[in-house]
Amino acid sequence: MANNEDIFKKIISHAKEYGFVFPSSEIYDGLSAVYDYGQYGVELKNNIKNYWWRAMVQYHENIVGIDSAIFMHPTIWKASGHVDAFSDPMIDNKDSKKRYRADVLVEDYAAKIEDKINKEVEKAAKRFGESFDEAQFRATNQRVVEYQAKITDALARLNKNLTDNDLAAVKQLIEDLEIVCPVSGTKNWTEVRQFNLMFNTQMGSLSEDTNTIYLRPETAQGIFVNFLNVQKTGRMKIPFGIAQIGKAFRNEIVARQFIFRMREFEQMEMQFFVRPGTELDWFEKWKAERLAWHHSLGLGPENYRFHPHDKLAHYANAACDIEFKFPFGFKELEGIHSRTDFDLSAHQQFSGKKLQYFDPELNESYVPYVIETSIGLDRTFLAILSSAYTEEKLEDGSERVVLRIPPVLAPIKAAILPLIKKDGLPEKAREIMDALKFDYLCQYDEKDAIGRRYRRQDAIGTPYCITVDHQTLEDNTVTIRERDSMLQERVSIDAVSEIIRKKIAVKL
RNA sequence: GCGGAAGUAGCUCAUUUGGUAGAGCGAUAGCCUUCCAAGCUAUAGGUGGCGGGUUCGAGACCCGUCUUCCGCUCCA
């Protein structure tokens with residue numbers, strides 16, 4: 001375990017040293033849980049996006065993409081349930097140092113009293129035998145009525161306080177109910193504080209005239225609110241999908257593990273609209289298809305597994321994660337959810353617009369059901385980076401660090417290297433560079449010994465090194481060195497472009 | 001937010017009880033070299049996280065503060 005932690009640290013510092021990922025605002029001491037992508041990081045990231053986009057949009061005739069704005073009408077987040085689900089009143093017990101959701105404490109209190117009522121009912125039922133009338137007992141037994149009143153009163157106050165957003169009153173309620181910390185047993189509570197998991201900002205430059213706007217915590221809603229636009233203008237027929245890649249923002253309470261959990265992150269999502277009743281079939285189909293996509297990257301199938309959700313989110317009737325074996329263990333990489341018609345129905349209700357599809361086969365209209373595939377771009381980046389990072393001991397006893405990034409995703413596809421910096425070799429190498437740079441991203445390097453330059457390219461995951469030597473000047477051939485095997489092959493300059501192009505092609 | 005650890009050059013680290021900051025690697029320029037790190041020369045790079053205190057003198061001691069890392073709380 002300590003070893004894995006060690007490797008993870010090395011990966012993080014390698015990512016920084018070689019221009020993949022920098023801590024945000026570093027010269028100002030950093031900004032917690034925010035990272036910037038450097039010159040190679042942005043290439044890798046773009047390549048991942050492109051690989052996903054092609055697999056989803058280009059290879060499926062019935063999936064199209066959009067790019068919706070990050071700012072959206074605030075009511076969207078009420079409809080989606082995020083305004084409620086993302087703002088929790090929290091309270092800490094000063095003695096046990098434990099943190100609780102204030103509303104849950106009150107609800108637990110109510111549940112305890114509910115237990116007492118049930119015990120009273122059970123006792124009475126035993127006492128009265130067959131003639132027991134439970135409803136009458138509940139309505140008339142003095143103790144039960146008192147208990148019930150306490151519950152009703154507590155929950156009513158809680159509800160009112162939360163609606164009014166009156167946190168002081170919530171604390172007062174907890175004190176009035178004499179709720180104690182389950183761990184320390186004391187009533188030594190802090191103030192109730194609101195934890196807003198959504199970021200917000202103001203739209204409208206006049207301060208008295210502003211609206212609170214949320215930074216989206218997921219990209220999906222931008223797809224749902226454009227469902228009709230895309231379906232009608234694209235003449236889409238169910239089943240069909242809408243894909244989107246974009247930033248999302250979550251005010252995580254703690255954010256750790258490098259780019260695995262960031263406050264600002266990027267998702268690659270696809271919402272697939274299906275006929276009600278068929279959603280679980282499509283759920284299974286997309287699970288299989290998405291897993292196949294991951295496997296196609298060649299990081300090793302043993303590094304992936306499904307993790308079915310026991311506890312479903314408020315919008316789902318089935319959910320499953322694809323987990324990847326990161327250096328810190330198996331963690332979620334992609335989520336596949338059967339979101340039912342929750343979102344479209346909610347938006348239909350809140351907007352007053354009919355969000356339905358007329359199905360000519362059934363000759364009826366319905367709100368489509370939705371299967372969502374949502375993959376974390378930054379997590380995919382980390383999965384690739386951490387599985388690519390390799391420290392090797394070579395036969396001659398030397399060591400090298402190599403990033404075995406799948407060639408299709410590698411930031412730099414080829415390096416063009418004159419063997420030595422004289423005898424006209426640099427000029428020849430430049431010619432090749434100038435021709436190849438229109439095909440894919442290349443790098444020219446003439447500084448230092450050839451071996452050192454190979455290692456530099458290994459460290460950033462460049463799959464191919466093209467070396468110009470004296471023989472090149474005689475017969476127009478160069479050597480191509482393959483990163484992982486370090487083997488070289490001599491080929492004609494004219495053939496180089498096509499050889500490498502084939503090796504970096506998308507294959508699914 | 002709580003507890004623990006740490007902040008010295010781009011990176012890894014040194015600086016023996018307080019005496020005006022150093023190495024290796026890396027970088028840059030050049031030399032040498034016809035194929036896999038560690039050949040030669042030169043150069044650049046640090047207000048020692050920040051602020052205050054003790055002292056003739058603080059990177060070292062004290063206090064505060066910020067940031068990062070590890071653990072806990074949360075994760076729709």
Side-chain angles (χ1 to χ4, degrees), chain A residues 2 5 8-10 12-14 16-19 22-33 77 80-88 90-101 104 181 183 190-191 193 195 197-198 217-218 220 248 250-258 260-261 263 309 311-316 319 328 331-332 335 337 339 342 374 392-402 417-423 425 447-459 465-474 478-483 485-488 490:
Chain A
E5 214 171 87
F8 188 43
K9 278 185 181 159
K10 282 185 181 170
I12 293 169
S13 64
H14 189 90
K16 188 189 160 193
E17 278 305 295
Y18 288 91
F22 305 126
S24 165
S25 316
E26 205 186 3
I27 62 170
Y28 289 102
D29 283 332
L31 187 63
S32 181
W77 303 111
S80 70
H82 285 87
V83 170
D84 295 329
F86 268 57
S87 57
D88 298 331
M90 307 294 281
I91 190 167
D92 295 4
N93 183 272
K94 291 177 187 168
D95 297 314
S96 66
K97 309 289 184 198
K98 292 289 176 191
R99 173 171 294 162
Y100 303 93
R101 276 178 53 176
V104 171
C181 169
V183 176
T190 63
E191 295 305 307
R193 285 166 298 180
F195 280 68
L197 268 28
M198 278 196 290
E218 63 173 23
R250 294 180 194 180
N251 216 345
E252 306 281 359
I253 293 174
V254 285
R256 290 262 174 82
Q257 284 163 328
F258 196 39
F260 184 81
R261 178 172 296 163
R263 297 211 157 94
H309 282 212
K311 216 179 102 188
L312 295 174
H314 59 277
Y315 50 71
F328 41 86
K331 296 280 179 186
E332 177 185 358
H337 292 246
R339 294 182 75 129
F342 175 87
S374 174
E392 277 185 349
K393 193 134 202 164
L394 303 180
E395 281 175 13
D396 62 0
S398 66
E399 290 176 14
R400 72 163 183 163
V401 174
V402 53
L417 315 169
L419 185 59
I420 57 172
K421 203 169 48 172
K422 61 178 185 185
D423 302 341
L425 266 42
K447 174 70 182 168
D448 294 319
I450 188 71
R452 189 193 290 258
R453 280 178 277 164
Y454 286 146
R455 298 302 169 88
R456 269 207 289 266
Q457 295 300 329
D458 290 341
C465 288
I466 297 157
T467 305
V468 173
D469 57 15
H470 290 94
Q471 191 181 330
T472 307
L473 301 180
E474 291 160 20
V478 292
T479 59
I480 296 185
R481 169 191 182 267
E482 198 275 326
R483 177 193 65 202
S485 64
M486 297 169 58
L487 294 176
Q488 286 178 293
R490 184 167 282 276

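A, B, ... follow the sequence lines: proteins, then strands. Residue 1 opens every chain.
When the C1' atom is compared between B:U8 and B:G30, the two are found 31 Å apart, to the nearest whole Å. Rounded to whole Å, the C1' atom of B:G1 lies 45 Å from the corresponding atom of B:A44. For the P atom pair drawn from B:A9 and B:A14, the interatomic distance equals 12 Å after rounding to whole Å. Separation of the C1' atoms belonging to B:G4 and B:U47 is 31 Å when rounded to the nearest angstrom. The separation of B:C56 from B:U20, taken at their C1' atoms, amounts to 13 Å, rounded to a whole angstrom. Straight-line distance between the C1' atoms of B:C11 and B:A37: roughly 16 Å, to the nearest whole Å. When the C1' atom is compared between B:C25 and B:G19, the two are found 30 Å apart, to the nearest whole Å. B:A27 and B:G10 have their C1' atoms separated by 8 Å, with the value rounded to a whole Å.
Residue A:Lys331 contributes atom NZ, which lies 14 Å from atom P of B:C75 at whole-angstrom precision. Going from atom NZ of A:Lys10 over to atom P of B:U12 covers 12 Å, rounded to whole Å. B:C11 atom C1' lies 13 Å from atom CZ of A:Phe22, rounded to whole Å. Rounded to whole Å, atom P of B:C70 lies 12 Å from atom CZ of A:Phe258.
Closest approach of A:Thr472 to A:Thr467, counting heavy atoms only: OG1-O, 4.3 Å. The two atoms that bring A:Asp458 and A:Arg483 nearest to each other are OD1-CG, 3.7 Å, heavy atoms only. Closest approach of A:Lys447 and A:Arg456 over heavy atoms only: O-NH2, 3.0 Å.
Note on A:Lys16: every side-chain N or O is 4.0 Å or more away from OP1 and OP2 of B:G10.
One N or O donor and one acceptor, one from the side chain of A:Arg261 and one from the base of B:C75, sit under 3.5 Å apart.
Positionally, the nearest nucleotide of RNA chain B for A:Glu17 lies more toward the 5' end than for the other of A:Glu17 and A:Lys9.
Panel note: side chain A:Arg453, backbone A:Pro418; a donor-acceptor pair is recorded below 3.5 Å. Looking only at distances, no side-chain donor or acceptor of A:Asp423 sits under 3.5 Å from a matching main-chain atom of A:Leu425. The main-chain N or O of A:Arg261 is never found under 3.5 Å from a side-chain atom of A:Arg250 such that the two would form a donor-acceptor pair.
Across all strands shown, B:G30 is found opposite B:C40 as a Watson-Crick or G-U wobble partner, with both distances under 3.5 Å.
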For nucleotides 27-35 of chain B, just jot down a letter per nucleotide in 5' to 3' order: B, S or -, based on protein non-hydrogen atoms under 4.0 Å. S-BB--BBB

Residue pair A:Glu392, A:Val402: steps toward the side-chain contact (heavy atoms from CB on, under 4.5 Å) verdict: CA-CA 8 Å; A:Glu392 277 185 349; A:Val402 53; 4.1 Å; yes

